[in-house]
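Here the structure is laid out as C-alpha cells; the discussion comes afterwards.
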Amino acid sequence: MMDEPTILTQLQLARLYVGEGKFLHAAQVYRSVMRSAPFVEDAWLELSRMYFDQKQYVAAEKVLLYAVDQLEHKDEVIFLLGRLCVATGDRYRSLSYFRKLLARERTLPRRLNVLVHYNVGLLYHEKEQWKLAEHYFRKTRGLDPRFPHVQESIAELLLRRGAVEEATVLLESALSADPYSWIAYYLLGLARSKSEEWQLAFEAFANAIDRNPNEPRAWQMCGEVLLKLHQLDESEKYLAKALELNPHLTEAIVGFGFLALARGDRRQANEHFRRALKRDPKNRKALEGERVLRRTMNQ
C-alpha cells in the first residue's frame with residue numbers, strides 16, 4: 001500500500017509524463033497507483049481521460065468499468081462512461097448512464113448535475129426531440145444561469161418553434177454575458193431575419209463573422225440578407241466567400257440562384273436551383289426558388 005505522500009508524488013509524476021507526451025510512462029505510473037491504492041479516484045479518472053483524449057476509447061472504457069467496481073463514489077465515472085458513449089456514437093447507452101445519475105440528481109454535486117442535464121439536452125437535440133431538449137437545457141440554465149452557451153441552445157430551439165421574441169431576449173442576455181459568442185450573434189441574425197428586420201439581421205451576422213470568420217453559414221446568411229436589402233454586388237461577395245469556405249454548402253448555391261433571379265438571369269438561376277436540388281432534393285429554399293422561377297416565366 002502506498003502512503004498519501006507517495007500517492008501524491010506518483011500522480012504528479014504521471015501528470016508530468018502526460019504533459020510531455022510520454023503516455024506509456026504515464027499509464028504505467030497511473031496503473032501502479034491503481035494497484036496499490038485502488039480507492040484513489042484521480043488515478044482512474046485521469047488515466048481514462050488520457051486514453052479518451054488520444055481517442056483510445058476501448059482502453060478508456062476498460063479503465064472506467066474497472067473503476068465502477070473499485071470506487072465507492074462512482075458518479076464521475078458513470079458520467080465519463082456516458083460521455084465516452086457519446087464519442088463512440090452509442091447514444092442509447094449514453095442516455096442509460098446519464099439517467100442513472102438523473103435518478104439521484106438531488107444528491108449529485110452541483111457541477112456534475114449541471115453537466116448531466118446539459119449533455120442529456122444535447123442528446124435529445126441530436127435525436128430531434130426538441131421539447132425534451134429544451135426541457136433539459138432550461139433545467140441546466142436553472143441550475144447554472146452562467147453555464148456556457150446554454151442560452152444559445154435554448155434560443156435555437158425557440159426559433160425552431162417560432163418564439164422569436166423570447167429567443168431575441170435570451171440572445172441579447174447571452175451577448176451581455178459573452179460579447180464574443182459568434183453563435184449568439186448568428187442566432188440573433190436568424191431571429192432578426194424572421195422578423196424581417198434586415199438591416200439588424202445583417203449587423204448580427206456581420207458580428208458573427210467578426211468573431212468567427214471561418215464559419216461559412218454566417219457569410220451565407222449575410223449574402224441572403226443583402227439580397228433582401230437589394231445590395232446585389234455585396235451579396236455576391238458574401239455568398240462566394242461562403243462557398244469558398246464550404247463548396248458543398250447548399251444554401252449558398254440557392255442564394256446564388258436568387259441572386260441570378262434578382263438580376264433577371266433566369267437560365268443561371270435555374271442552373272443554381274437544379275444544382276442545389278441535386279445535392280438536397282428536399283431543400284425548401286431551392287424548391288421555392290424553382291416555384292418563383294416558374295411564375296416569372298409564365299408572366
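All values reported here derive from a predicted model rather than from experimental measurement.
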Please determine, by modelled atom types, if [X] and [Y] share a side-chain donor-acceptor pair under 3.5 angstrom.
X: Asn270; Y: Arg266; result: no
X: Gln220; Y: Asn246; result: no
X: Glu46; Y: Tyr30; result: yes
X: Gln28; Y: His25; result: no

Side chain to side chain contact (heavy atoms under 4.5 Å, CB included) between Thr6 and Asp3: does it pass, once the steps are laid out?
CA-CA 5 Å; Thr6 303; Asp3 57 24; 2.5 Å; yes
Let me see the working for Arg15 and Asp42 under salt bridge (charged side-chain N to carboxylate O under 4.0 Å, His left out), right down to the final yes or no.
CA-CA 11 Å; Arg15 292 162 187 158; Asp42 286 351; 3.7 Å; yes
Under a single-linkage definition using a 4.5 Å side-chain heavy-atom cutoff for Ile, Leu, Val, Met, Phe, Trp and Tyr, are [X] and [Y] assigned to the same hydrophobic cluster?
X: Val116; Y: Val77; answer: yes
X: Val225; Y: Leu243; answer: no
X: Tyr238; Y: Val254; answer: no
X: Trp130; Y: Ile183; answer: no
X: Leu132; Y: Val114; answer: yes

Just by modelled atom types, is the [Y] backbone N or O under 3.5 Å from a matching donor or acceptor in the [X] side chain?
X: Ser181; Y: Ala184; value: yes
X: Ser36; Y: Ser32; value: yes
X: Arg83; Y: Phe79; value: no
X: Ser94; Y: Cys85; value: no
X: Lys228; Y: Trp198; value: no
X: Ser173; Y: Val169; value: no
X: Trp44; Y: Pro38; value: yes
X: Asn212; Y: Ala208; value: no
X: Gln54; Y: Gln56; value: no
X: Arg160; Y: Glu156; value: no

Heavy atoms only: give me the nearest [X]-[Y] pair and the separation to one decimal.
X: Gln151; Y: Leu170; result: OE1-CD2, 3.5 Å
X: Leu261; Y: Gly289; result: CD1-O, 4.2 Å
X: Phe23; Y: Val18; result: CE2-O, 3.8 Å
X: Arg93; Y: Asp90; result: CD-OD2, 2.8 Å
X: Leu245; Y: Pro213; result: CD1-O, 3.6 Å
X: Arg279; Y: Pro247; result: NH2-O, 3.9 Å

Regarding Arg217 and the six-membered ring of Tyr186, is the cationic atom NZ or CZ under 6.0 Å from the ring centre and inside 45° of its axis?
yes
First locate atom [atom1] of [X], then atom [atom2] of [Y], and finally report the distance between them rounded to the nearest 0.5 Å.
X: Leu239; Y: Glu251; atom1: CG; atom2: CD; value: 11.0 Å
X: Tyr57; Y: Leu64; atom1: OH; atom2: CG; value: 13.0 Å
X: Leu293; Y: Thr296; atom1: CG; atom2: OG1; value: 4.5 Å
X: His117; Y: Leu102; atom1: NE2; atom2: CG; value: 5.0 Å
X: Leu122; Y: Phe98; atom1: CG; atom2: CZ; value: 9.0 Å
X: Leu227; Y: Cys222; atom1: CG; atom2: SG; value: 11.5 Å

Does [X] come within less than 4.0 Å of [Y], counting only side-chain N to carboxylate O?
X: Glu271; Y: Arg274; answer: no
X: Lys139; Y: Glu105; answer: yes
X: Asp233; Y: Arg263; answer: yes
X: Glu203; Y: Arg192; answer: no
X: Glu288; Y: Arg291; answer: yes

Take atom [atom1] of [X] as the centre, draw a 6.0 Å sphere, and report whether it contains more than 12 heavy atoms from other residues, nucleotides or ligands.
X: Arg284; atom1: CZ; result: no
X: Tyr66; atom1: OH; result: no
X: Glu165; atom1: CD; result: no
X: Glu4; atom1: CD; result: no
X: Arg161; atom1: CZ; result: yes

Under 6.0 Å between the ring centres of Tyr124 and Tyr136?
yes
Kindly state whether the ring of Phe137 and the ring of Tyr118 have centres lying under 6.0 angstrom apart.
yes
Go through the steps to decide whether Tyr185 and Asp210 satisfy the test side chain to side chain contact (heavy atoms under 4.5 Å, CB included), and finish with yes or no.
CA-CA 10 Å; Tyr185 272 115; Asp210 286 343; over 6 Å; no
Side chain proximity check, Leu157 to His125, heavy atoms < 4.5 angstrom:
yes
Side chains of Glu224 and Lys285: does their closest heavy-atom pair fall under 4.5 Å?
yes
Taking it one step at a time, do Arg110 and Asp144 satisfy salt bridge (charged side-chain N to carboxylate O under 4.0 Å, His left out)?
CA-CA 9 Å; Arg110 179 174 171 275; Asp144 181 3; 3.8 Å; yes
Is the Phe258 ring parallel, tilted or perpendicular to the Phe273 ring (thresholds 30°, 60°)?
perpendicular
Under the criterion salt bridge (charged side-chain N to carboxylate O under 4.0 Å, His left out), I'd like the reasoning laid out for Asp75 against Arg104: C-alpha separation, chi angles, the key distance, then a yes or no.
CA-CA 10 Å; Asp75 291 340; Arg104 52 179 188 277; 2.6 Å; yes
Pair Leu115-Phe147, side chain to side chain contact (heavy atoms under 4.5 Å, CB included): steps then yes or no:
CA-CA 9 Å; Leu115 288 171; Phe147 190 80; 3.9 Å; yes
Let's go through His272 and Asp265 carefully: what are the C-alpha distance in whole Å and the side-chain angles of both, what is the deciding distance for side chain to side chain contact (heavy atoms under 4.5 Å, CB included) to 0.1 Å, and is it a yes or a no?
CA-CA 11 Å; His272 286 304; Asp265 191 337; over 6 Å; no
